Protein chains: 2
Amino acid sequence: MDGGEKTGVVTALVRSSFLVNAAYAEAGRECGLTPQQGQLLCALMPQPYGMSELGALLGLARSSLTGLVDRTMRRGLVRREPDPRDGRAVRVALTDEGAALAEDFRAATCRRIEELSAGLGAAERATLAELLGRLLQENAGRDNAGRAANRNSS
Amino acid sequence: MDGGEKTGVVTALVRSSFLVNAAYAEAGRECGLTPQQGQLLCALMPQPYGMSELGALLGLARSSLTGLVDRTMRRGLVRREPDPRDGRAVRVALTDEGAALAEDFRAATCRRIEELSAGLGAAERATLAELLGRLLQENAGRDNAGRAANRNSS
DNA sequence: CCCAGTAATTCGCGTCACGAATTACACAAC
DNA sequence: GTTGTGTAATTCGTGACGCGAATTACTGGG
């Protein structure tokens with residue numbers, strides 16, 4: 001052994017993050033969405049957002065977001081509405097089709113991720129959730145996109 | 001409560017995977033590497049590989065890998081050597097500069113990920129590692145790239 | 001009325017990933 | 001030893017993604 005119990009945690013975190021990413025990507029393919037578009041839809045589930053707000057939420061530069069919204073709009077999943085209070089601003093909202101697909105994507109993602117922990121007992125799942133919760137709490141604020149991605153299952 | 005302890009685990013796994021991804025990306029920027037190039041370097045740390053082998057290891061199509069190796073080679077971090085046993089094949093190996101940078105990247109990544117769990121006690125870290133380890137074991141084989149990414153800290 | 005600041009977009013660049021078609025070689029069969 | 005047949009990589013064309021710099025359109029204060 002290498003004498004480091006830290007290494008074990010590092011490896012486990014990295015590898016499990018690959019599993020989660022794969023689950024995300026798979027769920028996206030199942031719904032005909034890229035992971036980015038899936039995240040965009042999930043971020044918009046609770047309410048419409050302006051481009052700048054949305055950029056901060058997803059951790060993207062404004063110019064990057066324009067393209068993502070363009071592509072997603074071309075598929076009819078989101079729409080741009082003018083902000084009544086500010087002629088410069090735009091609000092991005094889900095279309096009906098986008099809202100339905102967002103729901104599907106969220107469900108598909110959750111299902112796949114639940115499956116990952118299917119081998120653990122209820123108590124172990126709870127412990128895992130608690131430990132990871134602590135870890136997240138200690139590192140709050142570094143994120144942004146993670147929060148947006150889970151605006152759903154909060 | 002929402003009646004689902006599963007939801008908690010799902011959320012925690014997703015959010016922590018975002019933290020890990022962010023750590024990866026940050027470590028990459030610190031070393032002037034894209035995450036993909038970083039992974040390529042890490043995969044090559046133990047030994048050179050052929051393109052097909054490497055593609056399987058990283059979960060990439062052959063044609064995608066060609067470009068990644070091209071770009072990384074342009075930066076002088078890897079080199080292509082002819083396979084002495086097979087005139088068709090190529091072996092991709094780290095240059096000295098690439099090996100040094102791979103080491104830096106690995107260290108930077110591990111450091112950042114260790115920091116994530118800095119708020120946990122030793123016993124908690126061990127529990128977390130064990131639970132995630134079980135989760136990984138149950139889901140072995142779904143991965144590929146995850147394994148490659150950690151060829152280092154095994 | 002003018003001007004500084006802000007919201008988005010456009011533009012040009014580079015990375016990443018894929019599938020289909022292609023080239024070069026290996027190896028077995030005849 | 002020529003002829004397949006299969007395999008290793010590469011090339012080509014396409015598209016998503018992300019960024020910074022420059023631009024356009026509007027707001028709001030002086």
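No hydrogens, no waters, no symmetry mates; every other heavy atom, side chains included, goes into these values. On a predicted model such as this, the values are computed, not experimentally measured, just so you know. Letters A, B, ... are given to chains in the order of the sequence lines, protein chains preceding strands, and every chain is numbered from 1.
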Measure [atom1]/[X] against [atom2]/[N] and give the value in whole Å, please.
X       : N      : atom1 : atom2 : result
A:Leu60 : C:dT15 : CG    : C1'   : 15 Å
B:Gln39 : C:dT15 : CD    : C1'   : 15 Å
B:Gln37 : C:dA17 : CD    : C1'   : 14 Å

| task | Mind listing the residues from residues 86-93 of chain B sitting with a heavy atom below 4.0 Å of DNA chain D? Number order is fine. | result |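 Here the set is B:Arg88, B:Ala89, B:Val90.
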For DNA chain D, find the residues of residues 64-76 of chain B with a heavy-atom distance under 4.0 Å and give them by number; none if there aren't any.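 Nucleic-acid contacts, sorted: B:Thr66.
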Could you check if a side-chain atom of A:Thr72 sits within less than 4.5 angstrom of a side-chain atom of A:Leu33, using non-hydrogen atoms only?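 A:Thr72 vs A:Leu33: side chains apart.
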(request) Please work out if A:Ser63 contacts a base, only the sugar-phosphate, or nothing of the nucleic acid, heavy-atom cut-off 4.0 Å. (result)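 Base: the residue A:Ser63, judged by heavy atoms under 4.0 Å, touches a nucleobase.
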| said: Mind checking if B:Arg85 touches a base, just sugar-phosphate, or nothing, with heavy atoms under 4.0 Å? | reply: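 Contact class for B:Arg85: none.
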Q: Consider only side-chain heavy atoms of I, L, V, M, F, W and Y, link residues closer than 4.5 Å, and tell whether B:Val90 and B:Leu57 are in one cluster.
A: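 No, B:Val90 and B:Leu57 fall in different hydrophobic clusters.
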Walking along DNA chain D from 5' to 3', note the first and the last nucleotide with an atom under 4.0 Å from a heavy atom of chain B, and give both.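 The contact span of chain B on DNA chain D goes from D:dG6 to D:dT11.
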- Task: For B:Glu124, enumerate each residue passing the side chain to side chain donor-acceptor pair (under 3.5 Å) test, keeping only those at least two apart in sequence or located in another chain.
- Result: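 Scan of B:Glu124 (side chain to side chain donor-acceptor pair (under 3.5 Å), adjacent residues dropped) gives A:Arg134.
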Inter- and intrachain pairs under salt bridge (charged side-chain N to carboxylate O under 4.0 Å, His left out), touching residues 48-77 of chain A, at least two apart: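 Applying salt bridge (charged side-chain N to carboxylate O under 4.0 Å, His left out) to every pair that reaches into residues 48-77 of chain A, excluding sequence neighbours, yields A:Asp70-A:Arg80.
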Looking at residues at least two apart in the chain, or sitting in another chain, which of them share a salt bridge (Lys or Arg N to Asp or Glu O under 4.0 Å) with A:Glu115?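 Salt bridge (Lys or Arg N to Asp or Glu O under 4.0 Å) check on A:Glu115 returns A:Arg111.
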